[in-house]
Amino acid sequence: MPRVKPHQIVLVVGIGFGLFVGGSGIFPSIVGWHDDSEISREVFGNIPTALKVAFYTILAVAFSLVGWLASLRVRNWERGRPDNRRTTKANAKRRAENYRSGAWMRTLLRDPAAGLMHSFIYFGFLVLFVATVLLEINHQVPESLKFLHGDVYRAYSLTSDIFGVIFITGILWALVRRYIQRPYRIRIKTKPEDLVILGTFLVIGVTGFVVEGLRIAVAGRPSFEEFSIVGWPLSSLFDGWSAETIRDTHRWLWGVHFGSFLVFLAILPTTKLRHMFTSPMNMYLRDKDRPKGAMKPMPNLMETELESFGASVIEDFTWKQLMDTDACTICGRCTSVCPAHATGKPLDPRQIVLKVGEVMAASGSPKVSPPVGMDADITITSNSVFERITADEIWACTSCKACDEICPVNIEILDKILDMRRYLTLMESSFPAELGNAYRSMENSSNPWGMNQGERADWADALGDDVPLVDPSGGVLDHEYLYWVGCAGSFDDRNKKVAIATAKLMKRAGVDFGILGPSELCTGDPARRSGNEYVFQMLAMQNIETLNGLGVRKIVTQCPHCFNTLLNEYPQLGGVYQVIHHSQFLMALIEEGRLSLAGASLDERIVYHDSCYLGRHNDVYLAPRKVIGSISGVEIVEMPRNGTRSMCCGAGGARMFMEEHIGKKVNIERTEEALATGADRIAVACPFCYIMLDAGVKEKGRDEDVRVTDISMLLLEAMDGKVAKAEAEVASTTAME
């Protein structure tokens, strides 16, 4: 049998709900069940039969129409490629937790003010809607099952009015924030539809209270209605009116109130208001079949029959990536944390999502409204996203993942950018000229700097014979750990010091390890993050063959990029290993007592810079801070942007090998923030961050009073200071004797 498609399910649900609503208007008129309690409320009091018939008929049609419009959007998502987001026993609990976070506004509260404002609107509206549903349920059931009377009705009235006030407060707050305070990320994307949405909500809230006051006045202001804390005082305003005027005004305003709800239904599937449903569902689908830091796998490019790679047209994206465009709340939080956008580059993560959505909407059959209103002079003639997105936008990205991390509804922005990079690189050969040099170096020399592979282990000469060099042809690795030094640690003069310090610390802790030296190739991270899957697979497969041939199980690496690739991406190609970053390893050695820091101290003010690929890509934040904190005498300070909100150094996503031609340099922006803390030293746990921040400090002319240091060097310096102090004390005692 043909498979039922999601858009068909949505359509059936919408029409079914519409028929149910229509039927709910017929049923009570047939059975005639009525609540005779003195403390209760007559449903449709003062509303003529003709208006009641119109109410249920129009609602039935409106809900069916909403279902049809929603199904058109879902039909657009179906144009995308498969993406395994199935609910299984293994992920069901996580999915439920993620959905709850979305539905209960937890993620929005990362920004307390905006989160509270949205919570007022969301929960206010939700409770008012539930109150309406409860009233209708009470209208449908027999006398013996009716429940909205007595104290229950009083509580119902009180609760409804309290949340009505909360709802209107949230709307007024939103109006002030958007049109008076006007923060940058909101101001640049404010559209006419925003006023339509907020205005509709305000009319619903205000007319709801006025209609309630008129209803109470029509009923003669019974004392039990005092629990309607807004409707009751409003009802007193009509004391001087004639009964007929009150009844007529009540009917007219009831019609306005109902009309405003119909406007809400009309704009629900056609404006960004749809995120009331799509955003929580997007949160539910957050769990995916690959680690957080891994890119989407691709087939073996030497064997595949695919004719196109990456994403250039709507059909190249996955259905989840297309659904993202309709789940976006247009809040701009991604824009506010993007290092490229902050330094004057053309990239705006929110615009990437919206532009993909615009092309999807315009090229669909039938066409639907874009995620948010577009300027009239923008035309889209095909399903290619490059009609709206420029190469400069795509190449400005540092792949720091700040946009994904801060998004309150789990929009996966980075995946879209990286997929488009794959297309530009593999299909169009359209990439910055500097990347061409890096690609050739990785292909010919197995490292992006084009250095001689035979020099990979030269840094270890400073340690004599203390660092065992592993020969892949010699059989199985006879060491507990393989120390993966990485290209920067092997060839960059600054990072050679990190490799030396890490090796010394492991030796002092009695760790049994070896290095591959010339047999270690670049992991391929710069190639993959810049879209060159071919070079990545070439390097990765050679590395995996070497590692698997040696029987390697445990790897220590000082580079977060190597760490992420070895841990999260090599399993896609058959390389599964226990990979640990040197910050985690050093922390464990200290906690286990294998590295004694007794007497080790530094009298310095230190600020730590979070690496994006250690932090946001792999959630390692505490380990490097614990290593620094284990040294006595240090004063640790934090930059304003730290942890999950840390700013990128500017080197990720292969930006290390590209020049910045537009705007301010990202590393200078971050360096200035670090220097503003007054720290004597900037601590890092990534070779790219080391290079970028060290260059930034020198460019700012502060290299004489502020040093950039990897945490391993910092730790070794503190420990060597302890040794030097002990040796000095021994020498002094000997001299006195």
Residue pair C686, H561: steps toward the side-chain contact (heavy atoms from CB on, under 4.5 Å) verdict: CA-CA 8 Å; C686 170; H561 297 262; 4.0 Å; yes
Is there a donor-acceptor pair under 3.5 Å between the side chain of [X] and the backbone N or O of [Y]?
X    : Y    : result
R528 : T565 : no
N667 : M692 : yes
D458 : R456 : no
R702 : V706 : no
S530 : A527 : yes
K292 : R616 : yes
E592 : L589 : no
Q321 : T318 : yes
Q537 : P299 : yes
Q542 : L521 : no

Could you pull out the closest heavy-atom pair between S583 and I711, with the gap in Å? CB-CD1, 3.5 Å
At their closest point, which heavy atom of L426 faces which heavy atom of G531, and how far apart are they?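 Shortest heavy-atom contact: CG-O, 3.4 Å.
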Any residue meeting side-chain hydrogen bond (donor to acceptor under 3.5 Å, both in side chains) with Y613, in chain and number order, not counting sequence neighbours: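 Applying side-chain hydrogen bond (donor to acceptor under 3.5 Å, both in side chains) to Y613 gives S399, R529.
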Applying side-chain hydrogen bond (donor to acceptor under 3.5 Å, both in side chains) to T709 and not counting sequence neighbours gives R681
What I want to find out is whether [X] reaches [Y] closely enough, with some N-O distance under 4.0 Å, to be called a salt bridge.
X    : Y    : value
R655 : E434 : no
R641 : E669 : yes
E412 : R286 : no
D610 : R625 : yes
K665 : E699 : yes
K416 : D419 : no
E673 : R670 : yes
D324 : K320 : yes

Roughly how far, to the nearest 0.5 Å, is the [atom2] atom of [Y] from the [atom1] atom of [X]?
X    : Y    : atom1 : atom2 : answer
N532 : L435 : CG    : CG    : 9.0 Å
S430 : I394 : OG    : CD1   : 10.5 Å
L418 : L414 : CG    : CG    : 4.0 Å
I580 : L566 : CD1   : CG    : 13.5 Å
N618 : F563 : CG    : CZ    : 4.5 Å
N642 : Y608 : CG    : OH    : 11.0 Å

Using only heavy-atom distances, determine whether the side chains of [X] and [Y] contain a donor-acceptor pair under 3.5 Å.
X    : Y    : result
N564 : D525 : no
N543 : Y570 : yes
N410 : D404 : no
D710 : H582 : yes
N437 : R440 : yes
S473 : D471 : yes

Can you check salt bridge (charged side-chain N to carboxylate O under 4.0 Å, His left out) on R81 and E315, steps first, answer last? CA-CA 7 Å; R81 291 182 174 179; E315 288 74 14; over 6 Å; no
Would you please test K496 and D492 for salt bridge (charged side-chain N to carboxylate O under 4.0 Å, His left out) and show each step? CA-CA 6 Å; K496 286 179 183 179; D492 178 70; over 6 Å; no
Test item: M442 and L539 side chains (from C-beta on) under 4.5 Å apart, heavy atoms: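 Yes - at least one pair of side-chain heavy atoms lies under 4.5 Å apart.
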Answer yes or no: are there more than 12 heavy-atom neighbours, outside [X] itself, under 6.0 Å from its atom [atom1]?
X    : atom1 : result
D465 : CG    : no
R553 : CZ    : no
Y577 : OH    : yes
E545 : CD    : no

Please evaluate residues R594 and V511 with respect to the criterion side-chain contact (heavy atoms from CB on, under 4.5 Å), reporting the C-alpha separation (whole Å), side-chain torsions for both, the decisive distance (0.1 Å), and the verdict. CA-CA 9 Å; R594 296 173 66 180; V511 177; 3.7 Å; yes
Could you check E672 against K664 for side-chain contact (heavy atoms from CB on, under 4.5 Å), going step by step and ending with a plain yes or no? CA-CA 12 Å; E672 289 174 349; K664 185 179 181 180; 2.6 Å; yes
Please evaluate residues R707 and E717 with respect to the criterion salt bridge (charged side-chain N to carboxylate O under 4.0 Å, His left out), reporting the C-alpha separation (whole Å), side-chain torsions for both, the decisive distance (0.1 Å), and the verdict. CA-CA 13 Å; R707 285 193 293 161; E717 184 180 334; 3.2 Å; yes
Output, in order, the C-alpha distance, side-chain angles, deciding distance and verdict of ring pair (Phe, Tyr, Trp, His ring centres under 6.0 Å) for F431 and Y439. CA-CA 11 Å; F431 46 78; Y439 291 155; 5.0 Å; yes
Hey, does the Lys NZ or Arg CZ of K507 hover above the aromatic six-ring of F513, less than 6.0 Å from the centre and inside 45° of the axis?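 So K507 does make the cation-pi contact.
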Run the side-chain contact (heavy atoms from CB on, under 4.5 Å) test on E604 and D680 for me, step by step, so that the C-alpha distance in whole Å, both residues' side-chain angles and the decisive distance to 0.1 Å come before the verdict. CA-CA 6 Å; E604 291 189 2; D680 306 306; 4.1 Å; yes
Mind running salt bridge (charged side-chain N to carboxylate O under 4.0 Å, His left out) on R645 and E405 for me, showing each step along the way? CA-CA 8 Å; R645 291 174 178 262; E405 190 75 15; over 6 Å; no
I want to know whether F657 and W449 have ring centres closer than 6.0 Å. yes
